[in-house]
Peer 1: 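Here's a structure for you.
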Amino acid sequence: MIVSVQYVIVSPSPPLPSDRTLWHITGHGRERHPAGKRYHFDNARRADDGTVAVQLTRGGRITFRDAESTRRVAAGSIMMFRFGSETVYGHDGPLPVAYGCTWVTLNGAGLAEHLGLLARQAGPILEPGLDHPLADAVERLRVLAEPERRPTPVREAAEIQRFVIDLFEFAEDRLGREMPPADRAVRQLLRLPYRPWSLKQLAAEHGISREHLSRRFAQRVGRPAQPWLNEARRRRALALLRQTRLPLAEVARQAGYANAHSFARHVRHATGLSPTAYRRRADP
C-alpha cells in the first residue's frame, strides 16, 4: 500500500529581524501522494504576504492554471507562484497516478518581484529535467532549512540568491535558443546598450544583416535602432557627467562610446556644450 508522506519544517516565528528584508526560507517539504488522492490548491485563498513557492515535480503530473492558460507540470518541471495570486495547481479530480514533489517557500524584500519578472518572461513553469543542477538546487534549499543545517541569515540569503540567478540563467538560455536570430539580437541590444558594439557588428554576430536587425528592432520597439541606441548612451553619459567625477574617457567607455570623439559630439548635440562645460554647469 502506498502511503502519502509529508515532511514540513517552518522557520521560527516570529522571524529574526533580518528575515523581514533578507531572502529566507519560510517552509519546505518533500511529499508523495498516491494515485486516487485529491491534490488541489487555490493560491488566491492564501494570504498575500510576499511568500513565493518553488516546487519541483519528481514524479507524476499535475496542471497549473492562471489567467492566461492551463499548463502541464510533468516530472522535472519547476513551478513558481506567489501566495495570494490568481493561480491554481494540482488535479481537478483524484490523481490518475502517484505524484511526488519537493518544495520550498521563500520570502524577503524584492524576492516576489524577481520571480514575478521571471514568470512573465519565461512563464511560471521551467522544465530543466530531474538530472539538471536546478533540480538538485531545489533539494539543496530544502535540506538547508533543516534545523541542524540552518546557516546564518546572510548565508541563507546568499544561497537563495544563487538559486534565483541560476533560474534566470536557465530561462535566458532557453529563450535565446527558441528565438530567431534577429529577435536574439534585438533582445541583446535592449539589455546591453552600453556595450561598444555597432549595429553592423551585432548583426554579424547573429548571422543577419544590419538592415534586417534594424527592421526587426523597429517592429519590436516602435523606434529605429540607431536613434534609440544613441539616446540610451547619451542619457547615461550625461548622468555620469552630472553625478560622478570620472575622467571623460571613462565616462565615454561606460556609456558605450567607441571613442572620445563620438562621445563629445553626442554631448554637444544634446546640450550645446562640451562634456567639460556641461559638467561644470551641472555643479551645484
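Below, all heavy atoms of this structure are taken into account, side chains as well, without hydrogens, waters or symmetry copies. We number each residue from 1, following the sequence as shown.
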Peer 1: Can a salt bridge be assigned to the pair E127 and R71 using a cut-off of 4.0 Å between side-chain N and carboxylate O?
Peer 2: no
Peer 1: For the side chain of R142 and the backbone of V104, is there at least one donor-acceptor N/O pair under 3.5 Å apart?
Peer 2: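 No; judged by distance alone, with no hydrogens or angles, the pair does not exist.
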Peer 1: Ignoring hydrogens and geometry, is there a side-chain-to-backbone donor-acceptor pair from H24 to L22 under 3.5 Å?
Peer 2: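 Side chain of H24 to backbone of L22: a pair is present.
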Peer 1: Tell me the closest heavy-atom pair linking A112 and R82, and the distance in Å.
Peer 2: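 Heavy-atom minimum between the residues: CB-NH1, 3.3 Å.
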Peer 1: Would you say the ring centers of H132 and F170 fall short of 6.0 Å from each other?
Peer 2: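 They qualify: ring centres under 6.0 Å apart.
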Peer 1: What do you reckon, is CZ of R155 surrounded by more than 12 foreign heavy atoms closer than 6.0 Å?
Peer 2: no
Peer 1: Determine whether the aromatic ring centres of residues Y89 and F41 are separated by less than 6.0 angstrom.
Peer 2: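 Judged by ring-centre distance (under 6.0 Å), F41 and Y89 do meet the cut-off.
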Peer 1: Please check if the side chain of R216 supplies one atom and the backbone of D183 the other of a donor-acceptor pair under 3.5 Å.
Peer 2: no
Peer 1: Tell me, yes or no, whether the heavy-atom count around R236 atom CZ, taken from other residues, nucleotides or ligands under 6.0 Å, exceeds 12.
Peer 2: yes
Peer 1: Pick from T26, I25, V52: which one makes a side chain to side chain contact (heavy atoms under 4.5 Å, CB included) with T105?
Peer 2: T26
Peer 1: Is it true that E211 and R215 make a salt bridge, defined as a side-chain N closer than 4.0 Å to a carboxylate O?
Peer 2: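 No, E211 and R215 are not salt-bridged.
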Peer 1: For side chain to side chain contact (heavy atoms under 4.5 Å, CB included), just list the numbers for H33 and H91, CA-CA rounded to whole Å, side-chain angles, deciding distance to a tenth of an Å, and then say yes or no.
Peer 2: CA-CA 12 Å; H33 302 276; H91 195 76; over 6 Å; no
Peer 1: If we count only N and O atoms by modelled type, under 3.5 Å, do the side chains of T51 and N107 hold a donor and an acceptor together?
Peer 2: yes
Peer 1: At what distance, to the nearest 0.5 angstrom, does CG of L190 lie from CZ of R220?
Peer 2: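 L190 CG to R220 CZ: 6.5 Å, rounded to 0.5 Å.
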Peer 1: Rounded at 0.5 Å granularity, tell me how far CG in L199 sits from CG in L213.
Peer 2: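 It is 5.5 Å, given to the nearest 0.5 Å.
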Peer 1: At what distance, to the nearest 0.5 angstrom, does CG of L111 lie from CH2 of W23?
Peer 2: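 Output value for this atom pair is 5.0 Å.
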Peer 1: With a 4.5 Å heavy-atom cut-off, do V73 and Q55 have their side chains touching?
Peer 2: no
Peer 1: Please report the closest heavy-atom contact between P193 and L229, naming both atoms and the distance.
Peer 2: O-CD1, 3.4 Å
Peer 1: Once rounded to the nearest 0.5 Å, what's the spacing between atom CE of M80 and atom CZ of F64?
Peer 2: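 M80 atom CE to F64 atom CZ measures 9.0 Å (nearest 0.5 Å).
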Peer 1: Look at the side-chain heavy atoms of Ile, Leu, Val, Met, Phe, Trp and Tyr, link any pair under 4.5 Å apart, and say whether F83 and L118 land in one connected group.
Peer 2: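 No, F83 does not connect to L118 through the hydrophobic network.
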Peer 1: For residues L95 and I62, determine if any side-chain heavy atom of one lies less than 4.5 Å from a side-chain heavy atom of the other.
Peer 2: yes
Peer 1: So, for H212 and A182, which heavy atoms are closest and what is the spacing to 0.1 Å?
Peer 2: NE2-CB, 3.6 Å
Peer 1: Is there a path from V54 to L130 through hydrophobic residues (I, L, V, M, F, W, Y) whose side chains come within less than 4.5 Å of each other?
Peer 2: yes
Peer 1: Going by atom types only, do R268 and Y278 share a side-chain donor-acceptor pair under 3.5 Å?
Peer 2: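 There is no such pair between these side chains.
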Peer 1: Is it the case that atom CZ in R72 sees more than 12 heavy atoms from other parts of the structure closer than 6.0 Å?
Peer 2: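 For R72, atom CZ is not crowded (no more than 12 foreign heavy atoms under 6.0 Å).
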Peer 1: Name the orientation class of the two ring planes belonging to H266 and Y257 (parallel below 30°, tilted from 30 to 60°, perpendicular beyond 60°).
Peer 2: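 It falls in the perpendicular class, over 60°.
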Peer 1: What is the minimum heavy-atom distance between P128 and G76, and which atoms define it?
Peer 2: CD-O, 3.2 Å
Peer 1: Around E68, counting heavy atoms of other residues, nucleotides and ligands shown, do more than 12 lie under 6.0 Å from its CD?
Peer 2: no
Peer 1: Without swapping roles, check the side chain of W103 against the backbone of L56 for a donor-acceptor pair under 3.5 Å.
Peer 2: no
Peer 1: In terms of hydrophobic clustering (I, L, V, M, F, W, Y; side-chain heavy atoms under 4.5 Å; direct or indirect links), are W228 and L202 co-clustered?
Peer 2: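 In one cluster: yes.
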Peer 1: Working to the nearest 0.5 Å, report the span between CG of L141 and CZ of R162.
Peer 2: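 L141 atom CG to R162 atom CZ measures 9.0 Å (nearest 0.5 Å).
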Peer 1: Please test R184 against E205 for salt bridge (charged side-chain N to carboxylate O under 4.0 Å, His left out), starting from the C-alpha separation and ending with a verdict.
Peer 2: CA-CA 10 Å; R184 289 202 302 269; E205 289 182 6; over 6 Å; no
Peer 1: Report yes if some heavy atom in the side chain of T102 is under 4.5 Å from a heavy atom in the side chain of R58; otherwise report no.
Peer 2: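 Yes, close enough: below the 4.5 Å cut-off.
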Peer 1: If you count the non-hydrogen atoms of other residues, nucleotides and ligands that lie under 6.0 Å from CD in E86, is the total more than 12?
Peer 2: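 No, because the 6.0 Å sphere around CD of E86 holds 12 heavy atoms or fewer from other groups.
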Peer 1: Mind listing the closest non-hydrogen atom pair of A135 and G129 along with its distance?
Peer 2: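 What the structure gives for the nearest pair is CB-O, 3.7 Å.
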Peer 1: Check each of R234, Q226, R233 against N230 using the side chain to side chain donor-acceptor pair (under 3.5 Å) test, and report the only one that passes.
Peer 2: Q226
Peer 1: I'd like to know if E139 pairs up with R30 as an ion pair, taking the criterion as any Lys NZ or Arg NE/NH1/NH2 lying under 4.0 Å from an Asp or Glu carboxylate oxygen.
Peer 2: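 Yes, charged N to carboxylate O under 4.0 Å.
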Peer 1: How far apart are the closest heavy atoms of G60 and Y99, and which atoms are they?
Peer 2: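 Shortest heavy-atom contact: C-CD1, 4.2 Å.
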Peer 1: Taking a hydrophobic cluster as the set of Ile, Leu, Val, Met, Phe, Trp and Tyr residues connected by side-chain heavy atoms closer than 4.5 Å, whether directly or through intermediates, do I208 and L189 fall within one such cluster?
Peer 2: yes
Peer 1: Counting only heavy atoms not in H114, do more than 12 fall under 6.0 Å of its NE2?
Peer 2: no
Peer 1: For the atom pair CD1 (I160) and CD1 (I165), what is the distance rounded to the nearest 0.5 Å?
Peer 2: 12.0 Å
Peer 1: Verify, without hydrogens or angle tests, whether R61 (side chain) and V97 (backbone) share a donor-acceptor contact under 3.5 angstrom.
Peer 2: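 Answer holds: no.
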